[in-house]
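Report on one structure; see the data block that follows.
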Number of protein chains: 2
Amino acid sequence: MTINKELTKGSTALLILSVLSEQEMYGYQMIGEINRRSDNVFKMKEGTLYPILHAMVNDGLLESYDAKSETGRDRKYYRITAAGSLQLKARREEWQVFTGAVNRVIGEEM
Amino acid sequence: MTINKELTKGSTALLILSVLSEQEMYGYQMIGEINRRSDNVFKMKEGTLYPILHAMVNDGLLESYDAKSETGRDRKYYRITAAGSLQLKARREEWQVFTGAVNRVIGEEM
DNA sequence: TTGTTATACCTCGTTTATCTATGCATAGTA
DNA sequence: TACTATGCATAGATAAACGAGGTATAACAA
C-alpha cells in the first residue's frame with residue numbers, strides 16, 4: 001500500500017532519532033533501515049534525509065564523523081547526542097499523544 | 001501537551017470524514033467536536049477547516065445544505081456521500097498502515 | 001443603548017516539511 | 001567498457017495547514 005506522503009510529515013525526525021538511538025549509522029544505511037523496517041511503507045529518499053541530518057547536527061541533536069568502509073569508501077556516520085536523546089523522548093511522547101488523539105476522534109479506542 | 005503541527009498533516013481529512021460519518025454537522029460544530037474529542041490535542045481553526053470542506057464538496061465527498069438554527073441563525077450543514085464513505089474506509093486503512101509502520105521503525109510493536 | 005463576547009462563515013498570503021530532479025564520485029559487475 | 005549500486009549533496013517545486021484578517025448576527029451585561 002502506498003500511503004499519502006503528507007501523513008509522514010512531522011514523523012521523520014522521530015524515525016531518524018529512533019534508529020540512531022540503537023546504533024550509529026551513515027545516511028544511506030538509515031534509508032535502507034527505515035524503509036526495510038517499515039516493510040517499504042516508507043520510501044525515504046536521499047533528498048529528504050540528508051538535509052534533515054545536517055539540520056540535526058546544526059541543532060546539536062546529532063554528531064557526525066567520517067569513516068572508511070572495508071572497501072575503502074568514505075562514509076559519514078552519525079551518532080545521537082544527549083540532547084538528541086532528550087528530543088527522542090519528547091518526540092516519542094508526542095507521537096503517543098498524537099495517535100491517541102486521532103484514534104479518539106475516529107473512534108478507534110486503543 | 002501541544003504537539004508539532006506538522007504531525008497533523010494528512011490526517012485532517014480522516015478526522016472530518018470520521019465525525020461526519022456519525023452525524024451531519026455544520027463547520028463550527030465540527031471544530032468543537034474534533035477539538036473536544038481529542039482533549040484539545042487538536043486546536044483546529046476555521047482557516048483550516050472551511051477550505052477543506054469546500055474542496056471535499058468539490059470532490060464529491062461531501063454535500064452541503066443550509067439550515068436555520070433554533071435561534072434563526074444560518075448554518076451550513078455537511079453530510080458525507082457514498083464516495084466520501086469509500087474515502088473514509090481507505091483513509092482509515094491508510095492510517096493503520098502508517099501508524100503500524102512508524103511503530104515498527106521506532107520499536108513499539110503494538 | 002452601547003459595548004463585548006460567542007457564534008458562524010469566509011479568504012488570502014505565509015510557512016515549512018518533504019519530494020523531485022539533478023549532480024558528482026567511486027565500487028562492483030556483466 | 002558500460003551499467004548498476006553505493007554514497008553524499010543541493011536547489012526548486014509542491015501542498016497542507018496556519019495566521020491574520022474580514023463580515024455578520026445573537027446574547028448579554030453595563
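So you know, we letter chains A, B, ... as the sequences are listed, proteins then strands, and number each from 1. Source: prediction; values computed, not measured.
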Would you kindly give the CZ-to-C1' distance between R91(A) and dA17(C), to the nearest whole Å?
11 Å
note: K43(B), atom NZ; dG19(D), atom P; distance rounded to Å ~ 11 Å
Taking N and O atoms by type only, does the side chain of E46(B) place a donor or acceptor under 3.5 Å from a partner on the base of dC9(C)?
yes
In whole angstrom, give the distance that lies between atom CG of D74(A) and atom P of dA27(C).
9 Å
Toward the 5' end of DNA chain D, which comes first, A13(B) or K76(A), by nearest nucleotide?
K76(A)
Distance check: side-chain N/O of Y26(B) vs OP1/OP2 of dA8(C), anything under 4.0 Å?
yes
Figure out the CZ/P separation between R73(A) and dC24(C), and round it to whole Å.
17 Å
With respect to the phosphate group of dC10(C), does any side-chain polar atom (N or O) of Y50(B) fall under 4.0 Å of OP1 or OP2?
no
Judged by modelled atom types alone, do R91(B) and Q87(B) share a side-chain donor-acceptor pair under 3.5 Å?
yes
Rounded interatomic separation in angstrom, taking CD1 from I31(B) and P from dC18(D):
10 Å
Quick one: is H54(B) getting a side-chain N or O under 4.0 Å of the dT11(C) phosphate, OP1 or OP2?
yes
Please classify the nucleic acid contact of S11(B) as base, sugar-phosphate, or nothing, using heavy-atom distances under 4.0 Å.
sugar-phosphate
Salt bridge (charged side-chain N to carboxylate O under 4.0 Å, His left out) partners of E24(A), counting only residues at least two apart
R79(A)
Could you pick out which residue, Y28(A) or E6(A), lies toward the 5' side of DNA chain D when each is mapped onto its nearest nucleotide?
Y28(A)
Check every strand shown and say whether T12(A) touches a base, only sugar-phosphate, or nothing at a heavy-atom separation below 4.0 Å.
sugar-phosphate
Between dT6(D) (P) and M25(A) (CE): distance, integer Å
15 Å
I'd like to check F98(B) versus V41(A) (side-chain heavy atoms, cut-off strictly below 4.5 Å). Are they in contact?
no
R75(A) side chain near dG7(D) phosphate (N/O to OP1/OP2, under 4.0 Å)
yes
Distance in Å, N103(B) CG paired with S18(A) OG, rounded so as to fall on 0.5 Å steps:
10.0 Å
Just call it for G47(B): base, sugar-phosphate, or nothing, with non-hydrogen atoms closer than 4.0 Å on any strand.
base
Using OP1 and OP2 only, check whether a side-chain N or O of K45(A) sits under 4.0 Å from dT20(C).
yes
Just how far, in rounded Å, is P of dA17(D) from CE of M44(B)?
8 Å
Once you apply a heavy-atom cut-off of 4.0 Å, does T8(B) come out as touching a base, just sugar-phosphate, or nothing?
sugar-phosphate
So K9(A), base contact, sugar-phosphate only, or nothing? Heavy-atom distance under 4.0 Å.
base
Under 30°, 30 to 60°, or over 60°: which ring-plane class applies to Y65(A) and Y77(A), parallel, tilted or perpendicular?
parallel
Starting at atom CD1 of I3(A), determine the distance to atom C1' of dA16(D), rounded to an integer number of angstrom.
15 Å
Quick one: are L49(A) and Y28(A) in side-chain contact, heavy atoms under 4.5 Å?
no
